[in-house]
Every structure is written in structure tokens, then in C-alpha cells.
A.B. asks: 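Please read through the structure below; I'll follow up with questions.
Convention: sequence-line order gives letters A, B, ...; per-chain numbering from 1.
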Protein chains: 2
Amino acid sequence: MTTIGTPPGPNIGVRDTYRHGDLSRALVEAGVELARAGGPTAVALRAATRRAGVSPNAAYRHFADRGALLEAVCSAGQARVAEAIEAEQALIPDATDPVTAARLRFRAVGTGYLHFALAEPGLFQTAFTASPDLESATSGSRAGAVGRGPFELLTDALDRLVAVGVLPGGRRPGAEFLAWSAVHGLAMLLINGPLRALEAGQAEVLIRRVVDMVEQGL
Amino acid sequence: MTTIGTPPGPNIGVRDTYRHGDLSRALVEAGVELARAGGPTAVALRAATRRAGVSPNAAYRHFADRGALLEAVCSAGQARVAEAIEAEQALIPDATDPVTAARLRFRAVGTGYLHFALAEPGLFQTAFTASPDLESATSGSRAGAVGRGPFELLTDALDRLVAVGVLPGGRRPGAEFLAWSAVHGLAMLLINGPLRALEAGQAEVLIRRVVDMVEQGL
DNA sequence: AGACAATGTGTACGACGTCTACATTAGTGC
DNA sequence: GCACTAATGTAGACGTCGTACACATTGTCT
């Protein structure tokens, strides 16, 4: 006797067949919801399988352990960050002259990153804490619509700054890490650090100033 | 019948009396060790009480819940960060002229912070993730030898930069958050972010460059 | 049709946080 | 000196989690 599809609670992946069909994806989606609500620690195997309407151990057919699911959720989160950055970049008018376009494009990486962090703190935190190495950070699964991850969008913007002549080529190597550090640090301080209780307006001022500092200090 | 002092495992706080004497401190110390070994999530009530040679529920006489213990461990961690910064500042020769002394003192805040992060990643992470608000970040319990926390050491160094004439007074307000963001972000990227696998030498180069960026971009 | 691999279920174990009830002890007022 | 009370520690239980093992069901390939 197998009870299928009607355990209590809001079943997202209700089914009437023994097989689920797309459990892998369903688990990641459930994990993303859990991360949105409660950050990395809330991404639990059992909770995800519950949402998918499946027994806890079913997860092990698709993920080696909880860490593997967390990694998949992390990749999904990074993809959404990339989308947020691209959305911010899309606001730049096409008619902008190349130099200021490059500058605005670069700034949009930082502001998009930070706005996403403020809008989706749990998912953001999940996306960048306990994330895999840098190597895998440039892989396809963390990409946005254009197929690039947040890190690649940053390096692209920096390369364009050099091409346009705003950033001297000598300062280019390693610049991605400087920029990333400043923006990522503010995100952390704003989300679960000591700046947590800051009001939205003041946060916006800080965001602008940090991006200013990066642009000037690179 | 009460078994006292001889549960299995490495008992740190072995005792022969029913009362422990200083359980509160013993639990925080155990928590610090757990944090050093495994980061914030490793700070468990049961593990801490085990190390103190005490039953799990004894912790509830001193901490409201696990979060309260974590907070105490976090404060202890911040105190150690402050000590690391002070140690780095103490390396500045007394005979240095006031202007460069102020500059070096400021840079020492960043480098001390980052060196501690690299030396004690678990404790560092515990100290600054899920930490209480900024208000309490300036309280006494997170202080180092001089009685100031990491944040106060930073603001002190910035004030001195202004006093000496290196930093224009108009740029002073909010500068602590800019500097903190950059340094904290690099720490996070180096510890559990995508820069985790970086070798020590390259990390040191990045540290220098980030502090350069802050000094120039402020 | 029958074998095999893929996928999902059931049961079980230890660790965790935390609740409730109980035991032991240190001070305090007499 | 002694009983009372508050502080402190213990015992047991419950629900959660991750995960290991054995078993059930199904799609697929020959």
C-alpha cells in the first residue's frame, strides 16, 4: 500500500503516478523557496521532499546528500542574481555614448547585485555562502538570460571599461575581486550583519557611495 | 543517582560537585571551540554542554536558547578580532610621524581584520554572521584589550585620519561603512566564497590592494 | 515476456533544540 | 544551627533533521 500525492500540507508537485517525472527540478525549486524564506540553513532535504510530495529518501536518487541539493539551490540563486543585474543593465538607454554606457553598465552590476540582496536576502545568502569554488562559479548553470553568471557579468563590465579607456589596462588584473569585495561586503553587512536594521533610504545612499568608492579606487 | 563528571569524551569542565561553578563561561568557551572548528552551525547546545561535562538542559539556566549562546560566542569572537587588530597596530613604531602613523593605524584595522579571518575562519564567520545589531556591536563585551570592539577601532582610526588632515572632514561621515564593506567582503569571499581555494600569497596581495582601494577611494 | 536499471517507499538510528517535571544545593532570615 | 527559597543541574520525552539499509514499483531493452 503506497500513499501517493496526498500527504498533509501544500503539495507543490502532487502526482498520481509512482514516478514523479521531474523530481530533480522540483526539489531545487522547493529548495529555492525554502532558501527565500529562511536562508541556507532552511534548505532541508526533508522539507524539500515534503513540498514535492515525495518520501524523504527519494531525494537521494538525485542528490548525493543535503550539500548537493544546497549547491544546486545556490546555483539557481546565482542565476537569479545574474538576471537582476541584467535587468538593471537593461535600463540603460541605447543612445548613451559608449564611455558613460560602459560606466553605467559597470555600476549596474553593483547596484543590481545589492538590490537583489536587499529584495531576496535569504536566497542571496544561500547563493554566495557555502558556494562552490570559483571554477564552477563560471559554469553555465549559474547563468542568467544571456548565459553568464554574476561574476562573468562583472568581468565583462570591467573589460568594457578598459576598452573604452576609462580604466587603465594596468589596473585591470584582479580588479574584479576588488569590486566584488566591496559590493559583497556591503551586502553582507546589510543582510545579516550589523547594518541589518538600516532603513531602505539610508541603504540606498550607502549603495551609491560604495559603488562610487569602487569606481574611484580601482 | 546522579552521574557527575564522567560521561564519555574529552570533558573540559570536569567537576566533582553538583554545581559547576562557572557554567556560563564554560559554555561560551566550548562554543568558541566549536565555532573555530566548524563555524556558526557547529555551535550546538548539546555539544557545548557535553564539553562542559553537564546535561544538555543545564544550558537553559544561562541562555534562553541556542541563539543566545550563539550571540555570546559571537561577542567573544568579535573581541578576539579586536585583539588581532590591536596586535597589528602595536607593530607600528612609536617614532613614526603622526601622518603616516595615522595611515598605518588605519590600514592595520583592515589587515588585522583580514588576517584574523584567514587564521580563524570558523570563529570569524561566527563573529559576524547572525551577529546582533550595530547598537550592541559597540557594547563592551566585544572589546579587545583596550576595551573597544572592531567597529570602534575602525572609527577611531578614521577620526585620526581626519585629525591629521589625510582625510577631508567632508568625506568622514559614513566612511566606516565603506571601509568595512570592502574589507568584510574580501574576508567573506576568501573564507567561504568563491575565492576560498586561493593560496596564501595571492590572498595577501589581494588584501593589500583592497586596503589600497579603500584608502584611495574613500 | 523477462531481465535490469532507475526511481520511490518504509523503517531505523543518532544528533539536534526544547518542553516539563524533578533533584540537589547555596544563601537567607530566624 | 536550621528550615525556606531561589538557583542550578538532571531525566525523560517529543518533533525535527540527515542518512543508511532493505524493499517495492516502473520504464526500457533485448
A.B. asks: Can you list everything that forms a side-chain hydrogen bond (donor to acceptor under 3.5 Å, both in side chains) with A/Arg66? Sequence neighbours excluded, please.
C.D. replies: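 Checked A/Arg66 against side-chain hydrogen bond (donor to acceptor under 3.5 Å, both in side chains); zero matches.
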
A.B. asks: For B/Arg46, give me all partners under side-chain hydrogen bond (donor to acceptor under 3.5 Å, both in side chains), at least two apart in sequence or on another chain.
C.D. replies: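 Listed in chain order: nothing, the list is empty.
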
A.B. asks: Aromatic rings B/Tyr113 and B/Trp180: how do their planes relate, parallel, tilted or perpendicular, breaks at 30° and 60°?
C.D. replies: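 Taking B/Trp180 first and then B/Tyr113, their aromatic rings stand perpendicular (interplane angle over 60°).
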
A.B. asks: Can you tell which of C/dT18, D/dG18, C/dG8 lies closest to the side chain of B/Leu45?
C.D. replies: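 Of all the options, the side chain of B/Leu45 is nearest to C/dT18.
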
A.B. asks: Going by the rule side-chain hydrogen bond (donor to acceptor under 3.5 Å, both in side chains), which residues pair with A/Glu176 if we only count those two or more places apart in sequence or in a different chain?
C.D. replies: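 A/Glu176: side-chain hydrogen bond (donor to acceptor under 3.5 Å, both in side chains) contacts with A/Arg172.
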
A.B. asks: In whole Å, what is the span from the CG atom of B/Leu70 to the C1' atom of C/dC16?
C.D. replies: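 Rounded to whole Å, this separation is 14 Å.
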
A.B. asks: Under the side-chain contact (heavy atoms from CB on, under 4.5 Å) rule, collect the residues that match up with B/Ser24, sequence neighbours excluded.
C.D. replies: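 Here the qualifying residues are B/His62, B/Phe63.
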
A.B. asks: Please give me every residue in residues 55-64 of chain A whose heavy atoms get under 4.0 Å of an atom in DNA chain C, ordered by residue number.
C.D. replies: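 Listed by number, they are A/Ser55, A/Asn57, A/Ala58, A/Arg61, A/His62.
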
A.B. asks: What's the CZ-P distance between A/Arg51 and D/dC17, to the nearest Å?
C.D. replies: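 After rounding, the gap between these two atoms is 11 Å.
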
A.B. asks: Among residues at least two apart in sequence or on other chains, which ones pass side-chain contact (heavy atoms from CB on, under 4.5 Å) with A/His115?
C.D. replies: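 Checked A/His115 against side-chain contact (heavy atoms from CB on, under 4.5 Å); matches are A/Glu88, A/Thr111, A/Glu204, A/Ile207.
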
A.B. asks: Could you tell me how far apart A/Leu27 (CG) and C/dG8 (C1') are, to the nearest whole angstrom?
C.D. replies: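 It works out to 12 Å between those atoms.
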
A.B. asks: So which one's nearest nucleotide on DNA chain C is more toward 5', B/Val43 or A/Arg46?
C.D. replies: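 Nearest-nucleotide comparison on DNA chain C picks A/Arg46.
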
A.B. asks: Rounded to whole angstroms, how far apart are CG on B/Leu69 and P on C/dC16?
C.D. replies: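 The distance from CG of B/Leu69 to P of C/dC16 comes to 13 Å, rounded to the nearest Å.
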
A.B. asks: Take atom CG of A/Leu23 and atom C1' of C/dT7, then tell me their distance rounded to the nearest Å.
C.D. replies: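 Distance check: A/Leu23 CG to C/dT7 C1' gives 9 Å.
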
A.B. asks: Listing request: all salt bridge (charged side-chain N to carboxylate O under 4.0 Å, His left out) pairs with a residue in residues 208-217 of chain B, at least two apart in sequence or in separate chains.
C.D. replies: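 Salt bridge (charged side-chain N to carboxylate O under 4.0 Å, His left out) check on residues 208-217 of chain B returns B/Arg103-B/Glu215, B/Arg107-B/Asp212, B/Arg107-B/Glu215.
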
A.B. asks: Would the base of D/dT16 count as contacting A/Arg50 through its side chain, where contact means a donor and an acceptor less than 3.5 Å apart?
C.D. replies: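 Per atom types, no contact qualifies.
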
A.B. asks: Is there a side-chain polar atom (N or O) of B/Arg66 under 4.0 Å from OP1 or OP2 of C/dG17?
C.D. replies: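 Checking B/Arg66 against C/dG17: at least one side-chain N or O falls below 4.0 Å of OP1 or OP2.
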
A.B. asks: Inspect the contact between B/Glu83 and B/Arg80 and indicate whether a charged nitrogen and a carboxylate oxygen are less than 4.0 angstrom apart.
C.D. replies: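 Salt bridge flag = no for B/Glu83 with B/Arg80.
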
A.B. asks: With axes from five pairs an end, tell me the bend angle of the helix from C/dA1-D/dT30 to C/dC30-D/dG1, nearest 10°.
C.D. replies: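 Inter-axis angle at the ends, rounded: 0°.
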
A.B. asks: Who pairs with B/Gln216 by side-chain hydrogen bond (donor to acceptor under 3.5 Å, both in side chains), at least two apart in sequence or on another chain?
C.D. replies: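 Once residues adjacent in sequence are excluded, B/Gln216 has no partner under the side-chain hydrogen bond (donor to acceptor under 3.5 Å, both in side chains) criterion.
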
